[in-house]
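The block underneath contains the structure these notes are about, expressed in structure tokens.
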Amino acid sequence: MEKFNTVVSTVVPLPISDVDTDQIIPARFLKATTREGFGDNLFRDWRYDTDGNPKADFVLNNSEYSGEILVAGKNFGSGSSREHAAWAIYDYGFKVVVSSFFADIFKNNSLNNGLLPVQVSEEFLESIFEKVEADKSTKLKVDLVAQTISIEGTDLSESFEIGSYKKTCLLNGYDDIDYILDNKDKILEYEKNSIKF
Amino acid sequence: MGKTLFEKVWENHVVSSVDESTDILYIDNHFIHEVTSPQAFAGLEKRGIGVLRPEKTVATPDHNVPTINQHLPIREALSAKQVSKLTENCEKYGVNLYGLQHPYHGIVHIIGPELGITQPGMTIVCGDSHTSTHGAFGTIAFGIGTSEVEEVLATQCLLQSKPKTMKIQIDGELAKGVLSKDIILYIISQISSSGGTGYFVEYCGSAIRSLSMEARMTICNMSIEMGARGGMIAPDQTTFDYVEGREFAPQGESFNNAVAYWKTLFSDDDAVFDKELYYKAEDIEPMVTYGTNPGMGIKVTGTIPELSEITETGKKSFMKSLDYMGFKPGESLYGKSVDWVFIGSCTNARIEDLRMVAEFIKGKKKAEGVNVLVIPGSKQVEKQAIEEGIDKVLEEAGFKLREPGCSACLGMNEDKVPRGEYCISTSNRNFEGRQGPGARTILASPLMAAAAAITGKITDIRELV
């Protein structure tokens, strides 16, 4: 996993709530056996019409919006546990997803792939949407060490939560398997003492 | 202070604590399928490590398999590749596989319980969000991503932050024609598709106690549709009777020892939940969904909310959803025509579901122009249905019993609902495009789906039973 550093970037706004993982990457595109290339089908059915032509009104097809930060409405990533959703967002080029609420499995999947989910208040989320609508070049700064997100050129800022373990993993590019395997003696000990009938 | 059922099972599985909110949790059983496991095995390969406890993982291909002619090679190349990759990986790493045509093949969440692999007090995970199904046995069961599948294969453990706990109590008696599917659709309509996020739910109360194991599984299955990590029900005599004698369940003296332990798995009277919700069974009616997430549900006699009832920030998503479905605010769904009926999925494809459908349609005929898909949850369900003559009853009504798989629940195989057409479905998700690009899904119980198949429109099952 790549190390996560501070991200300062313009944003892609998606002010829709309850974006489920079937919208992020529809099931029919889950048939690959590798992790790469899912970005091409990110938001496939919102992004392309039935003939495969880009839909002009969808934000990813609007060249005025770009950047490494996706900002979405409440309850992002609900539904299926498909990690392909996190892979698709990361593969497309995003490093951060901001929302006022994330589904649990999506959050875990993101953290396991170096994609940082940043949960902000409803008010702060609205502020981001308003600022970006007024000025598409608005930048956000996401500082993982300080656990803060701020709108550049304003005094608007919020802190966000992340467990200390996952924070360390992201900052250093570590993953869970390395950590657990370092504790293998504890697993064997557990197995020896676990309940048997 | 007493403990909740969830806390008891969780604490029994902590190998070690990592930080203030995270534990290394031991996993008793791991299920895998063809879609979310290939990258996990590739990860092991890349690290040069093996599967720590291959005997604790069980594999079956279900998501993309065809539901007719399963004895023939899979025609769709990418699906065939995923299924053969699963077979190859299982052989290489010594994982038990119930492949196509095996008598134990089926949807992963149907075969676990029916084989007795799923038992009270366990931790069970799978790269599929509907793993919550197994919670009906008093297990901590939840869906995981592919990196986590790799983690469990490599270590038989999972690093997890401990969720909050929620109690949902439903007391009273269900009216005739109201099923456990209606209970869960009702709860989700009350708390929304994100109301359970961050929580692990325990369902309790007299209405839950009176349900069969299969009906309980339907409820726990859809815990994820309110955003919850999982949902569980304390095991009782109904649970023990269901588990007893199944292939992989403890036998004889071991079974008695197991039951003695399983009887300790309940929430203590003074246990504290982070949130508690109470509902009356009498308030629950047959449910249908009108929108594009499972929280958008109404009683079949109800109407879609007016735009004025929706919060300011939710209006855009609400209208987007109704536009997709071709419905208007304030409308009723009662009497609306359907084009397709899907009876299947890990939510409602067990033998009791098929029995209920068969009993209702016996002597009736499918409405002209309606397409009906009936997909058994497993080879064992299929076999049982044939032994009971359910397949004949279905055929006489103009339906057909196909072969097991996830099918039109998520349209990864050929079973898709065409663009713009309406499907009343016993599955779990009504997301945009879930049953095929442009497909419009109305979630309901197996009886409501069967009623619509006969009348050709959304019908109140209570008028027909």
Side-chain angles (χ1 to χ4, degrees), chain A residues 15-23 26-28 30-35 44-46 50 73-75 78-87 101-106 108-109 112-113 122 126 163-166 168 175-181 183-184 186-187 189-191 194-197, chain B residues 12 15-16 18-22 24 26 35-36 38-39 42 47 52 64 78-79 81-82 85 127-129 143-148 150-151 154-157 159 161 163 193-194 197-198 224 227 229 250 254-255 257-258 261 293 313-314 316-317 320 410-412 419 429 431-434 437:
Chain A
I16 295 169
S17 51
D18 303 311
V19 175
D20 59 76
T21 51
D22 272 80
Q23 306 320 312
R28 62 188 190 279
L30 304 184
K31 294 186 178 179
T33 52
T34 61
R35 290 176 180 237
R44 175 76 202 198
D45 293 337
W46 288 353
T50 46
K74 191 183 174 186
N75 193 29
S78 57
S80 158
S81 60
R82 60 189 70 162
E83 191 164 317
H84 312 65
W87 296 339
F101 202 77
F102 288 97
D104 292 328
I105 306 178
F106 176 79
N108 279 358
N109 287 341
N112 284 337
N113 286 280
E122 294 273 355
E126 280 310 306
S164 55
Y165 166 78
K166 274 295 169 194
T168 309
D175 72 18
D176 293 353
I177 296 181
D178 300 329
Y179 183 88
I180 303 176
L181 286 177
N183 286 277
K184 198 168 170 186
K186 289 183 183 152
I187 302 173
E189 186 67 20
Y190 175 89
E191 287 182 329
S194 65
I195 303 161
K196 289 171 193 76
F197 305 123
Chain B
N12 274 344
V15 169
S16 161
V18 178
D19 68 13
E20 62 285 355
S21 61
T22 317
I24 296 178
Y26 194 80
V35 176
T36 60
Q39 293 89 348
R47 288 170 201 267
L52 184 67
N64 70 23
L78 292 172
S79 297
K81 189 180 171 198
Q82 279 189 327
K85 200 79 196 158
D128 186 279
S129 60
I144 56 176
T146 298
S147 295
E148 293 173 313
E150 183 182 342
E151 192 172 323
T155 70
Q156 203 54 42
C157 291
L159 241 146
S161 55
S193 62
S194 60
T197 305
I224 182 71
R229 268 333 285 281
S254 294
F255 182 76
N257 294 339
Y261 167 62
N293 76 58
T313 50
K316 192 175 172 186
S317 302
K320 183 177 191 301
L410 82 167
M412 276 195 81
R419 183 173 294 279
R429 288 189 175 133
F431 296 151
E432 280 184 37
R434 174 78 178 180

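All values below come from the heavy atoms of this structure, side chains included, with hydrogens, waters and symmetry mates left out.
Considering CG of A:Asp18 and OG of B:Ser193, their distance stands at 4.0 Å, rounded to 0.5 Å.
With a 4.5 Å cut-off on side-chain heavy atoms, A:Asp175 and B:Glu150 do not count as touching. Residues A:Lys74 and B:Ser317 form no side-chain contact, since every pair of their non-hydrogen atoms from C-beta on lies 4.5 Å or further apart. A 4.5 Å side-chain heavy-atom check between A:Trp87 and B:Thr146 finds at least one atom pair inside the cut-off. Counting heavy atoms from C-beta outward, A:Lys186 and B:Cys157 have side chains that stay 4.5 Å or more apart. Here the side chains of B:Leu52 and A:Lys184 are in contact, with some heavy-atom distance below 4.5 Å.
In this structure, chain A has a heavy atom under 4.5 Å from the backbone of B:Ile144, while its side chain stays farther away. Interface residue A:Ala27: backbone and side-chain heavy atoms are both found under 4.5 Å from chain B. For A:Lys196, no part sits under 4.5 Å from any heavy atom of chain B, backbone or side chain. With a 4.5 angstrom heavy-atom cutoff, B:Arg229 touches chain A via backbone and side-chain atoms both. Contact annotation for B:Tyr261: only side-chain heavy atoms (C-beta onward) come within less than 4.5 Å of a heavy atom of chain A. Contact of A:Glu126 with chain B is made through the side chain alone, with heavy-atom distances under 4.5 Å.
The closest donor-acceptor contact from the side chain of A:Gln23 to the backbone of B:Glu432 lies under 3.5 Å. Under a 3.5 Å cut-off, the side chain of A:Asp104 and the backbone N or O of B:Thr197 do not form any donor-acceptor pair. Without hydrogens or angle criteria, B:Gln39 side chain to A:Ala32 main chain gives a donor-acceptor distance under 3.5 Å. A donor-acceptor contact shorter than 3.5 Å links the side chain of A:Lys31 to the backbone of B:Met412.
Residues forming a side chain to side chain contact (heavy atoms under 4.5 Å, CB included) with B:Asp19 (at least two apart in sequence, or on another chain): A:Ser164, A:Tyr165, B:Ser21, B:Thr22. For B:Tyr26, the side chain to side chain donor-acceptor pair (under 3.5 Å) partners two or more places apart in sequence, or in a different chain, are A:Glu191.
Closest approach of B:Ala154 to A:Leu181, counting heavy atoms only: O-CD2, 4.0 Å. Taking all atoms of both residues into account, the shortest heavy-atom contact from A:Leu30 to B:Gln82 is O-NE2, 2.9 Å. Residues B:Pro250 and A:Phe197 share a closest heavy-atom pair of CG-CD1, 4.2 Å. The shortest non-hydrogen separation linking B:Lys316 to A:Pro15 is NZ-CG, 4.1 Å. Between A:Glu83 and B:Gly145, the shortest heavy-atom contact is OE1-C, 3.2 Å. Residues A:Ile105 and B:Gly143 share a closest heavy-atom pair of CD1-O, 3.5 Å.
Per-residue heavy-atom pair counts under 4.5 Å with chain A were compared for B:Leu159, B:Asn257, B:Asp128, B:Thr36, and the maximum is reached by B:Leu159.
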